[in-house]
Amino acid sequence: MSISPTTIHWFLACKASDVPSNGGVCVKYGEEQIALFYFARKDQWYATQNLCPHRKQMALSRGMTGTVKDEPKVACPFHKKTFSLIDGRCLSDEAECSLSVYPVKVVDGQVYIGVNEETAMVAV
Amino acid sequence: MKIVVIGNGMVGYKFCEKMLTKSAKAPVELVVFGEEPRPAYDRVHLTSWFEHNTADLLLATTEWYEQQGIRLHLADPVVAIDREQRTVRSHSGITETYDYLVLATGSAAFVPPIPGVEKKGVFLYRTIEDLEMMKAYAPHARSGAVIGGGLLGLEAAKALLDLGITNIHVVEFAPRLMPRQIDDKGSLLLQEKLGQLGLKVLTSKNTKKITGEESVNGLQFTDDTFLKTDMLVISAGIKPRDELAIAAGLPTGPRGGIVVNEQLQTADPFIYAIGECALYQNMIYGLVAPGYEMAEVVAAHLCGEMKAFTGFDMSTRLKLIGVEVASFGDPFSPAGDCHSIVFEDRLKGVYKRIDITPDGQQLLGGILIGEASAYNMLLQTVKNKLALPADPASLLVPPAKDGASTGAGVDGLPDEALICSCESVSKGAIGEAVMAGHESFDDIKKCTKAGTCCGGCAPMVKDIITATLKSQGKYIRSVICEHFAYSRQEMLDIIRINSLRSFDEVLDHCGHGEGCEVCKPVVASILASLWNDMILAQGNDTAQDSNDRYLANIQKGGTYSVVPRIPGGEITPEKLITIGMVAQKYHLYTKITGGQRIDLFGAHLSDLPLIWKELIDAGFESGHAYGKALRTVKSCVGSTWCRFGLHDSVSYAIRIEERYRGLRAPHKIKSAVSGCIRECAEAQSKDFGIIATEKGWNLYVCGNGGSKPQHAVLLAADLDSETCIRYIDRFLMFYIKTADPLTRTATWLNKLDGGIDYLRNVVVHDSLGIGAQLEGEMQLLVDSYKCEWKEVVENSELRKRFSHFVNSPEEKDPTVKFETLRNQKKAAEWK
Ligand SMILES: Cc1cc2nc3c(=O)[nH]c(=O)nc-3n(C[C@H](O)[C@H](O)[C@H](O)COP(=O)(O)OP(=O)(O)OC[C@H]3O[C@@H](n4cnc5c(N)ncnc54)[C@H](O)[C@@H]3O)c2cc1C
Ligand code: SF4
Ligand code: FES
């Protein structure tokens with residue numbers, strides 16, 4: 001899933017200080033779970049679905065973050081499949097489903113995640 | 001050009017091979033006569049015939065000769081040479097003309113004129129037939145003797161051992177073993193070592209008579225003593241096979257050997273002699289490397305190249321019955337012309353002597369017994385006249401494994417340095433081959449042949465490959481990942497020397513990018529092994545592997561399991577009740593683990609600190625089941641209850657588990673203590689295991705169960721409790737410092753150069769001189785131990801991380817589902 005900029009809805013996820021440096025947290029958005037990651041060294045934020053498509057585990061927010069050739073990624077704690085945080089594709093297994101990714105912005109120390117308006121309406 | 005070769009031994013074969021490569025442009029006709037029934041085989045490794053079969057020893061198959069167009073006549077010795085007609089005639093009547101004739105007839109065992117040598121049960125030791133005959137006779141023999149305490153005699157003694165004969169004597173005429181290679185002290189030490197293996201050595205013994213009716217039953221010596229033996233091998237030296245040359249009127253030496261010049265030509269310029277039958281400047285070269293060099297010179301000469309044989313270094317490194325023996329350069333420089341530096345350790349069975357020039361500038365030669373890892377470098381130092389280090393004695397200390405090698409290393413060698421003397425391959429040639437893309441040892445063996453013969457140069461060849469690749473900016477080290485171009489061991493040193501304390505500091509100091517799931521846990525583990533800081537401290541929390549990050553094991557469905565430490569598997573009823581009550585309260589599935597403790601499954605992330613708190617209040621602590629760390633020390637009940645128990649295995653297991661609890665390592669570590677040899681705790685399947693003996697404890701190391709089970713090996717026997725712990729300190733610390741990531745101790749040992757002997761030297765004999773340091777480092781970790789669970793329970797900042805939703809901390813993950821099985825819950829099956 002991708003977010004088209006015209007229909008974007010920003011919701012408040014948490015305070016920036018709630019997220020560990022170079023790690024992730026899980027954000028609840030209605031019935032959805034979104035994994036939010038903070039790369040402190042470059043001051044970059046990323047968000048993806050929390051569900052690992054491999055065995056359908058709600059676990060990506062607890063995964064280890066890192067880079068491969070400067071592309072940010074997260075590794076699922078279960079079987080260490082890795083996913084790009086830029087486009088959500090699985091880096092360790094081409095056949096694996098991709099993750100949904102979400103835009104993130106930080107305003108006054110508050111972290112906002114952008115979702116589609118339809119999703120927003122269903123979810124809220 | 002037609003060349004006839006007489007003799008298809010090691011050197012005769014090598015000549016054919018060299019001739020084929022050199023004459024690629026101008027084809028030659030090669031005809032070979034061999035007396036033995038099979039094509040040339042590796043005589044140097046004759047003794048390994050018992051382990052291998054004949055085919056493994058062959059240097060080339062008969063098909064190879066066919067393919068190369070060589071006419072090979074086996075089991076058909078040449079009986080006459082006609083120098084006028086330039087023909088040879090074989091036993092079966094074949095006559096061949098030649099343009100050039102090469103004598104490669106080798107040598108035969110020298111049989112001293114002792115009455116009785118013809119008796120049954122008396123053998124020589126040179127050919128596969130000799131071995132076959134010995135093997136057929138051995139079942140009738142319980143004792144054996146070897147006449148001759150030189151290199152070949154000791155090989156023969158090894159053969160007797162391999163044949164299952166237990167009572168073996170080696171009889172030497174000289175006052176010491178291997179009189180031509182090593183000195184008195186060295187030979188004494190060798191004798192002691194062989195004694196430990198059950199070989200008895202008699203020196204200064206002159207055999208007068210071989211006794212027995214039809215078969216040998218003993219040896220009568222000139223000093224009127226007698227030795228009973230059922231079987232005898234005579235290995236008193238070699239006698240060059242020069243009978244054909246003599247019959248053809250070619251000059252030979254007074255004690256045998258066909259006289260040759262620098263081109264290996266005999267008095268007849270159309271006839272060459274090479275290998276053990278050739279006598280160059282009154283010397284027979286009884287080793288394979290000089291023989292190969294001779295083959296090279298003749299092949300070159302016949303192809304019009306300028307090359308000469310000018311003598312050959314007789315340095316050797318051998319493994320005699322498991323004991324390393326090496327001599328290099330001139331091992332017998334007269335006392336006035338040199339200073340000797342001697343290192344002797346009777347306990348370890350190591351003796352080393354080097355002779356240096358009086359000005360301390362150059363190495364002349366020396367002897368190494370028991371431990372010869374420095375041989376290649378010392379040999380190169382002599383040959384290339386390399387300058388000695390300021391403290392030459394440092395050359396005798398085994399090379400430190402932690403990178404600091406003694407002397408100049410391969411970088412200091414000139415390109416001409418001959419690395420593989422069997423195949424005469426220089427350092428330069430290996431370097432060139434590496435640059436041409438042959439980057440592995442196997443490739444180098446294929447394209448240069450270096451290391452294919454005796455294999456002694458293999459370590460040095462590997463070093464040269466590495467050095468060449470490095471000089472090209474390539475790394476063949478097992479680097480951790482794209483973010484750190486270092487091995488784990490190098491990382492550990494960097495982190496320690498620079499006192500780096502967090503993953504970010506390490507990344508800043510020597511890494512690139514952001515790190516990843518491979519390097520983060522490695523660095524985190526190193527930091528924990530070095531400093532023992534709380535692993536969830538700021539900056540390192542997110543570098544932990546995800547189980548470490550939550551101090552629990554993630555299980556199907558995303559809940560966790562909790563394993564409190566139960567040292568030695570001993571637990572009071574009160575504590576058992578607590579575990580039961582906690583499990584009931586938090587709805588946990590309970591199971592007894594293989595490591596004698598109790599695992600509680602199905603805990604929600606946010607319940608973890610609550611569960612820990614209750615366990616801690618009842619006196620439990622973390623069991624580190626989630627970490628690459630010490631897991632359990634299993635124990636049997638031991639002498640407190642068991643009627644066989646020798647010592648209190650439970651108390652000792654508890655002491656050990658409490659000492660090493662929380663210790664972070666490259667992989668998990670398991671241990672066990674058994675109260676007697678019945679081994680109920682299965683200590684021999686652990687990374688380190690301890691078994692009680694009458695006199696103390698036996699310490700076994702590097703075993704594991706799992707997918708590739710491997711038994712632990714005995715590191716040291718009959719230790720008192722304190723020494724045993726000191727050795728474990730050293731062993732574990734050495735493992736932590738040198739192992740690759742995610743390498744269990746068994747795999748680590750399998751890859752360790754020198755294997756268990758080396759490890760034993762480091763741990764027990766402190767050969768690297770780091771014993772005290774390792775113990776000190778371990779003590780530091782022991783003293784700074786803290787229960788990680790407790791720290792989380794008591795720290796509200798850390799506790800905050802233990803909730804599923806950052807924006808709804810009270811709420812558990814609603815997607816977690818359980819099913820029921822045998823009255824307990826289980827994780828819902830995943831898709
Ligand atoms: C047990 C043992 C261990 C050894 N260990 C080592 C070691 O560790 N390192 C080392 O460097 N060296 C070692 N050697 C020595 C090494 O094997 C010899 O140096 C090497 O084999 C010599 O090769 P060669 O071709 O000159 O002689 P050989 O290998 O003896 O070959 C000569 C061949 O010529 C044949 N022949 C003789 N006369 C005739 C004829 N008239 N017509 C046809 N064929 C004939 C013989 O039958 C024989 O097959 C060891 C030797 C033995 C026996
Ligand atoms: S190993 Fe020995 S002491 Fe321990 S329980 Fe078994 S028999 Fe008893
Ligand atoms: S569940 Fe994520 S990798 Fe298997």
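Letters A, B, ... mirror the listed sequences (proteins, then strands); counts begin at 1.
- Residues B:T815 and A:Q33 approach most closely at CG2-NE2, 3.9 Å, considering heavy atoms.
- The backbone N or O of A:V27 lies less than 3.5 Å from no partner atom in the side chain of B:N807, so there is not a single donor-acceptor pair.
- With hydrogens and angles ignored, the 3.5 Å screen pairs no side-chain donor or acceptor of A:R62 with any backbone N or O of B:I554.
- Heavy atoms closer than 4.5 Å to chain A are found in the backbone of B:Q555, but not in its side chain.
- The greatest number of non-hydrogen atom pairs below 4.5 Å with chain B, out of A:P77, A:C14, A:P20, A:G23, is found for A:P20.
- Using a 4.5 Å cut-off between heavy atoms, A:V74 does not touch chain B at all.
- Proximity to chain B (any heavy atom under 4.5 Å) is restricted, for A:S21, to the backbone atoms N, CA, C and O.
- Most heavy-atom pairs under 4.5 Å with chain B: of the set A:C26, A:S61, A:G66, this distinction falls to A:C26.
- Of the atoms belonging to B:K800, it is side-chain heavy atoms, and not backbone ones, that fall under 4.5 Å from chain A.
- The shortest side-chain heavy-atom distance between A:M64 and B:P521 falls under the 4.5 Å cut-off.
- Heavy-atom contacts from other residues, nucleotides or ligands closer than 6.0 Å to NZ of B:K786 number 12 or fewer.
- Among all heavy-atom pairs drawn from A:D18 and B:R801, the shortest one is O-NH1, 2.9 Å.
- Looking at A:T82, only its side chain comes within 4.5 Å of chain B, counting heavy atoms on both sides.
- B:K790 NZ: 12 or fewer foreign heavy atoms inside a 6.0 Å radius.
- A:K28 and B:F805 get closest at one heavy-atom pair: CB-CD2, 3.4 Å.
- When every heavy atom of A:T67 is checked against every heavy atom of B:C516, the shortest pair comes out as O-CB, 4.1 Å.
- Interface residue B:H483: only side-chain heavy atoms are found under 4.5 Å from chain A.
- Of the listed residues (B:P814, B:S808, B:G557, B:S803), the greatest number of heavy-atom pairs within a distance under 4.5 Å of chain A belongs to B:G557.
- The two residues A:K80 and B:D545 come nearest to each other via the heavy atoms NZ-OD1, 3.0 Å.
- Interatomic distance, CZ of A:R55 versus CD of B:E829, reported as 8.5 Å (0.5 Å rounding).
- Other residues, nucleotides and ligands place more than 12 heavy atoms under 6.0 Å from the CD atom of B:E819.
- Note: A:K42 leads A:K56, A:H54, A:K42 in heavy-atom pairs under 4.5 Å with chain B.
- When B:N547, B:V518, B:D504 are compared by the number of non-hydrogen pairs under 4.5 Å with chain A, B:D504 comes out ahead.
- Taking chain B as the reference chain and counting heavy-atom pairs below 4.5 Å, the highest number among A:M58, A:K69, A:R41 is found for A:R41.
- Closest approach of A:N22 to B:K520, counting heavy atoms only: O-NZ, 3.8 Å.
- For the salt bridge (Lys or Arg N to Asp or Glu O under 4.0 Å) criterion with A:K73, the lone passing option out of B:E514, B:E517, B:E482 is B:E517.
- With a threshold of 4.5 angstrom between heavy atoms, B:Y550 approaches chain A through side-chain atoms but not through N, CA, C or O.
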